[in-house]
Amino acid sequence: MINTQIMLIKRAIWYIVGLLLFYAPFALYQKALFGLVNYNKPADIHSLCLRMPLLNLLLGKWSLIVPVVMITLFLFFMFAIIFGPFFCGRLCFAGALPEYLSRLIPDRFKIDWVTGINPIPVRYGFLAGYLITPFLAGSIACAFCNLSFMQRLIDGGFWGEFGVLSSTNIITFFLWIILFGIFTKGGRGFCNFICPIGAVQSLVYSISSRLHFTYKLRFAKDKCISCGACVKACSMGSLQKEPDNSITYQIHNCITCLQCQAACPKNALTYGTGKSGWKDGITLVNNEPSIQESIR
Ligand code: SF4
Ligand code: SF4
């Protein structure tokens, strides 16, 4: 319990660092990078948006891809390859805000979407739509983006610009903070089902975690007593306890936040390099074969 609280505080400090790094009026990362490449553009979360650069990359408009975006994309993918969804698990203030707010509400008032709806096809489906829509002459407005909304909230707090909030923003706010946030178990419904930035990182992590030198959530089956504390601590619903007492791990929505590691009383979960210890995303405890294993 104490470990869990300490981890929550540690993560909160990381998320505040993320706020200072990426959001105006601070935007320390953008300002440092802009200075480095002599790039003259307002420094806020919009200047890091990966959608238009990705589209320009796909359309072959190389001249529009400025160095700052290339450096950011490079760092983004390198971090995801080596450390997993590092941005989601440590730095994304917009993802952390509803998670932390939801901790103020008793669980009995929350919806457990993840056990009812498999988030993986939904989140990758959104990612595909996000990437394909511009090719179909469609447009995905910034008003649907929680990171953009976070910037607007900060702008409002600092400069009194709440007037820019439109009806679309209100829908985003309702989904992000209220329905999929405060009233969702774990508070990360938006991250789980909608966010394309998280989906890209998950896709990269699901492949790169197979490499020996990359960091991943590791499991030591022999230490696990199937207490379920990790399952309770996981805000993404990546860990589940099956009826046969096996613990299953869905790597495609894990954000490597390590709340599960802090909650485990037996140190069965660790974060590091080498083999993961998970068996195709499914592991067995108490030497009882899981349903999936029996079928194989
Ligand atoms: S499985 Fe662990 S590291 Fe992954 S999201 Fe859940 S609590 Fe965080
Ligand atoms: S991994 Fe740790 S917290 Fe999770 S069920 Fe096993 S012993 Fe409990």
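For ligands, and for the atoms within them, numbers begin at 1 and follow the listed sequence. Model, not experiment: these values are computed from the prediction.
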May I have the step-by-step check of ring-ring contact (aromatic ring centres under 6.0 Å, His included) for F190 and F180, ending in yes or no?
-> CA-CA 6 Å; F190 203 94; F180 286 153; 7.3 Å; no

Please state which part of L239 comes within less than 4.0 Å of ligand 1, counting heavy atoms only: side chain, backbone, both or neither.
->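 Side chain only.
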
Below 2.8 Å, any N, O or S contact between C254 and atom 4 (Fe) of ligand 1?
->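 Yes, C254 qualifies, because one of its backbone or side-chain N, O or S atoms lies under 2.8 Å.
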
State the atoms of ligand 2, each with its element, that fall below the 4.0 Å cut-off from a heavy-atom position in [X].
X    : result
C224 : 1 (S), 5 (S), 6 (Fe), 7 (S)
P265 : 3 (S)
C264 : 1 (S), 2 (Fe), 3 (S), 7 (S)
S226 : 5 (S), 6 (Fe)
I225 : 6 (Fe), 7 (S)
F219 : 1 (S)

Taking the six-membered ring for Trp, are F79 and F86 parallel (under 30°), tilted (30 to 60°) or perpendicular (over 60°)?
->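 Ring orientation, 0 to 90° scale: tilted.
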
Mutual orientation of the aromatic rings belonging to Y100 and Y15 [parallel < 30°, tilted 30-60°, perpendicular > 60°] = perpendicular

Any side-chain donor-acceptor pair under 3.5 Å between [X] and [Y]?
X    : Y    : answer
Y124 : S202 : no
H252 : Y205 : no
Q240 : T248 : no

Identify, by atom number and element, the atoms of ligand 1 in contact range of [X], meaning under 4.0 Å from any of its heavy atoms.
X    : answer
C234 : 1 (S), 5 (S), 6 (Fe), 7 (S)
T256 : 3 (S), 4 (Fe)
I255 : 4 (Fe), 5 (S)
L258 : 3 (S), 8 (Fe)

Give the C-alpha distance, both sets of side-chain angles, the deciding distance and a yes or no for ring-ring contact (aromatic ring centres under 6.0 Å, His included) between F109 and F183.
-> CA-CA 6 Å; F109 296 121; F183 292 105; 7.6 Å; no

Pick one of side chain, backbone, both or neither for how A268 approaches ligand 2, counting any non-hydrogen atom pair under 4.0 Å.
-> side chain

Could you tell me if any non-hydrogen atom of A233 lies under 4.0 Å from any atom of ligand 2?
-> no

Measure the distances from the heavy atoms of G228 to every atom of ligand 2 and state whether one is below 4.0 angstrom.
->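 In this structure, G228 qualifies as a contact of ligand 2 - some heavy atom is under 4.0 Å.
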
Correct closest heavy-atom pair for M7 and A262 would be CB-CB, 3.7 Å

Looking only at non-hydrogen atoms, the one of A229, C260, C230, A263 nearest atom 4 (Fe) of ligand 2 is C230

Residues, nucleotides or ligands: over 12 heavy atoms within 6.0 Å of N38 CG |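 Result for CG/N38: open.
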
Ion pair D107/K110, N-O distance below 4.0 Å |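 Counted as a salt bridge, because a side-chain N and a carboxylate O are separated by less than 4.0 Å.
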
Please write down residue, atom name and distance for the protein heavy atom closest to atom 8 (Fe) of ligand 1.
->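 Protein heavy atom with the smallest distance to atom 8 (Fe) of ligand 1: C257 SG, 2.3 Å.
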
Please report the C-alpha distance between T270 and R218 in whole Å, then the side-chain angles of each, then the deciding distance to 0.1 Å, and finally whether the side chain to side chain donor-acceptor pair (under 3.5 Å) criterion is met.
-> CA-CA 5 Å; T270 51; R218 301 176 304 190; 3.2 Å; yes

